[in-house]
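To keep things clear, I will list the structure first and then write my remarks on it.
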Amino acid sequence: MTKIKLYNTKTRTKEDFVPIDAANVRMYVCGPTVYDRAHIGNARPVVVFDTLFRLLRHTYGHYAVRYVRNFTDVDDKINARAAEMKVKGDDRDLKAIIRELTDQTIAWYHEDMEALGTLRPTDEPRATEYIAQMVSMIERLIERGNAYVSEGHVLFDVNSYDAYGALSGRKLEDMRAGKRVEIADYKRDPMDFVLWKPSTDDLPGWDSPWGRGRPGWHIECSAMSLDLLGATFDIHGGGLDLQFPHHENEIAQSCCANPDGGFANVWMHNEMIQVEGKKMSKSLGNFFTVKDLLDKGIPGEVIRFVILSTHYRSPMDWTAKRVAEAQKTLTKWYRLVGLALDNGTPHPEVISGLSDDLNTARAIAECHQLGHAGDVPTLRASMSLLGLMENGIPEWAKVEGFTDAETGYVRFLLQKRDNARKVRNFQKADGIRDGLANAGVVVRDTSDEPEFNKGDNFDVAKLEGLL
RNA sequence: GGCGAGUUGGCGGAGCGGUUACGCAGCGGAUUGCAAAUUCGUCUAGACCAGUUCGACUCUGGUACUCGCCUCCA
């Protein structure tokens, strides 16, 4: 079994990954707040951790990995968006609007992420279904002296937890010295954060020991991971921007509520995405959703390929040029691979690349080598491990008139012909050429890509005989 | 102001204390009736300044610059 190494933000080093229980590897990844369609930046962690999920399954077994990714469906941004919709003429009850908004956004999310070739996590809990668990965790934090009630709010007392700031390498004094902390008079310390806050009647709210209210943002992940994965689990992932304060606060809550549990052993953070060299922002006009890209005709798989071609811990620049290159490469491989030869296993170098802190760029480089070598089954299986080329040849890469299987055969034969020419084995090359002609395949090379068409006498049986 | 990451060839993007990354583009061959496809070879690197070392792109220190986070954010 290939040893997996992962960079752990907690220790700032690349470490050997040793699961707590190899028969039950557990990973939690922070999911989206569901108020709008997922943008390209949201897609990166989804693709990155999907790839890790696949690697873990490959390594530990299909049913040995539990992957939880939540939906945050209670949040101020959601409330704000719903209020906006109401102002624009939606005359329904705000709560009804919110319910539909979150349901709709979740459906969109599934649709868009599926287009990127990502698997559904094993669990996708919604925050609103875990309110009871959150309330009970908050009660425990109050009992243990880590939280206090103030003006209808429940706040986490950051001074009660010595290790606060350890993940992100911050000190409380330094952060207080910054100008950007929210000062509120109900807080003992400006850095204290909300566990529970009051809710108005028109907004979603739940009864609690502290009155009708709603949870703060961070507590849901602590409550859901505890419920689904236990007090100690293997991997916790998310975007780098979540490192502070979200993850720091999760750690504080979970470790204080469950002092015997270690919470997540390995913390992983993906870097951010930029667009054409600039920070993605609505004002610059370079802000777009996954759906926008799909609607423009960019295949989801191409998006996935672009994301995987950069290591997840490096900032990634989204450019039209890279999209074009990715599509070109994928098309080339599709036409080489076809469908019929799906019986290989991933190349060891591809696995070891992925196992080296998810070095997807290295894995792709290896796939290029497999393409050159004409090792179709291995290429196909390797791509599959990367979540690519899993469902046959898509329309955009297809050769008209042939089935996927036939395309695969022909491409494979053309590869053989070229290999024969390379070693000046013209007898063999000519044999393949004549064989193709005999089977009714008309080969016509063009300036773009080698094309082939069915002749009148096309006979797939003769084609298979050539293999 | 605090914390962190990074700076590789025309572009993208990896590994590595001494040996080709890889892809795209370029150039030159091979192949070809001519092309194309294919294939082989090949030029452009390691921000800057020091240090460690027999030897550094790779380690250490410093300088410059870039980026991210510190506020909702993946």
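Bear in mind the structure is a predicted one, so any value in this text is a computation, not a measurement. Labels below follow one simple rule: chain letters A, B, ... track the order of the sequence lines, proteins then strands, and each chain is numbered from 1.
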Going by atom type alone, with no hydrogens or angles, which donor-acceptor pairs under 3.5 Å involve a side-chain atom of residues 266-274 of chain A and a protein atom two or more places apart or on another chain?
unit_1 : atom_1 : unit_2 : atom_2 : d
A:H269 : ND1    : A:T9   : OG1    : 2.8
A:H269 : NE2    : A:H247 : ND1    : 2.8
A:N270 : OD1    : A:G239 : N      : 3.4

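Under the rule for a side chain to side chain contact (heavy atoms under 4.5 Å, CB included), the partners of A:D16 that lie at least two apart in sequence or sit in another chain are A:K3, A:K5. Residues passing the salt bridge (charged side-chain N to carboxylate O under 4.0 Å, His left out) test with A:K95, sequence neighbours excluded: none. Legend: residues meeting ring pair (Phe, Tyr, Trp, His ring centres under 6.0 Å) with A:Y164, ordered by chain and number and at least two apart, are absent. The ring pair (Phe, Tyr, Trp, His ring centres under 6.0 Å) search around A:H311 returns none, not counting sequence neighbours. By the salt bridge (charged side-chain N to carboxylate O under 4.0 Å, His left out) test, A:K321 is found to be paired with no residue, residues two or more places apart in sequence or in another chain being considered. Shown here are the side chain to side chain donor-acceptor pair (under 3.5 Å) partners of A:H347, two or more places apart in sequence or in another chain: there are none. Listed by chain and residue number, A:R69, A:F71, A:H110, A:R120, A:P121 satisfy the side chain to side chain contact (heavy atoms under 4.5 Å, CB included) test with A:E124 (two or more places apart in sequence, or in another chain).
Regarding A:L242, its CG atom lies at a distance of 10 Å from the P atom of B:C70, rounded to whole Å. We find that CH2 of A:W333 is positioned 14 Å from P of B:C22, with the value rounded to whole Å. Protein atom CZ of A:F305 is 13 Å distant from nucleotide atom P of B:G13, rounded to whole Å. Computed from coordinates, the A:H372 NE2 to B:U39 C1' distance equals 10 Å when rounded to whole Å. When rounded to the nearest whole Å, the span between CG of A:D76 and C1' of B:C73 equals 14 Å. Taking atom NE2 of residue A:H269 and atom P of nucleotide B:C69, one finds them 13 Å apart after rounding to whole Å.
Near RNA chain B, meaning a heavy atom under 4.0 Å away, the residues from residues 315-325 of chain A are A:K321, A:R322, A:E325. Residues of residues 120-129 of chain A that place a heavy atom closer than 4.0 Å to RNA chain B do not occur.
For A:K332 and B:C24, the shortest distance from a side-chain N or O to OP1 or OP2 is below 4.0 Å. The phosphate of B:G13 has OP1 or OP2 within less than 4.0 Å of a side-chain N or O from A:T310.
As judged by a 4.0 angstrom heavy-atom cut-off over every strand, A:N359 is placed among residues touching the sugar-phosphate backbone only.
Between the C1' atoms of B:G10 and B:C27, the separation comes to 13 Å (whole Å).
Shown here for A:L379 and A:C367, the closest heavy-atom pair between the two residues is CD1-O, 3.5 Å.
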> Which dot-bracket string fits RNA chain B when only Watson-Crick or G-U wobble pairs with both atom distances under 3.5 Å count, crossing pairs get [ ], and | stands for a partner on a different strand?
Replying inline: (((((((..(((.....[...))).(((((.......)))))....(((((..]....))))))))))))....
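Judged as a salt bridge (charged side-chain N to carboxylate O under 4.0 Å, His left out), the pairs with a partner in residues 26-50 of chain A (not counting sequence neighbours) are, in order, A:D36-A:R81, A:R37-A:E111, A:R37-A:D112, A:D50-A:R54, A:D50-A:R304.
Counted by atom type alone, A:Y28 and A:E250 present zero donor-acceptor pairs between their side chains at under 3.5 Å.
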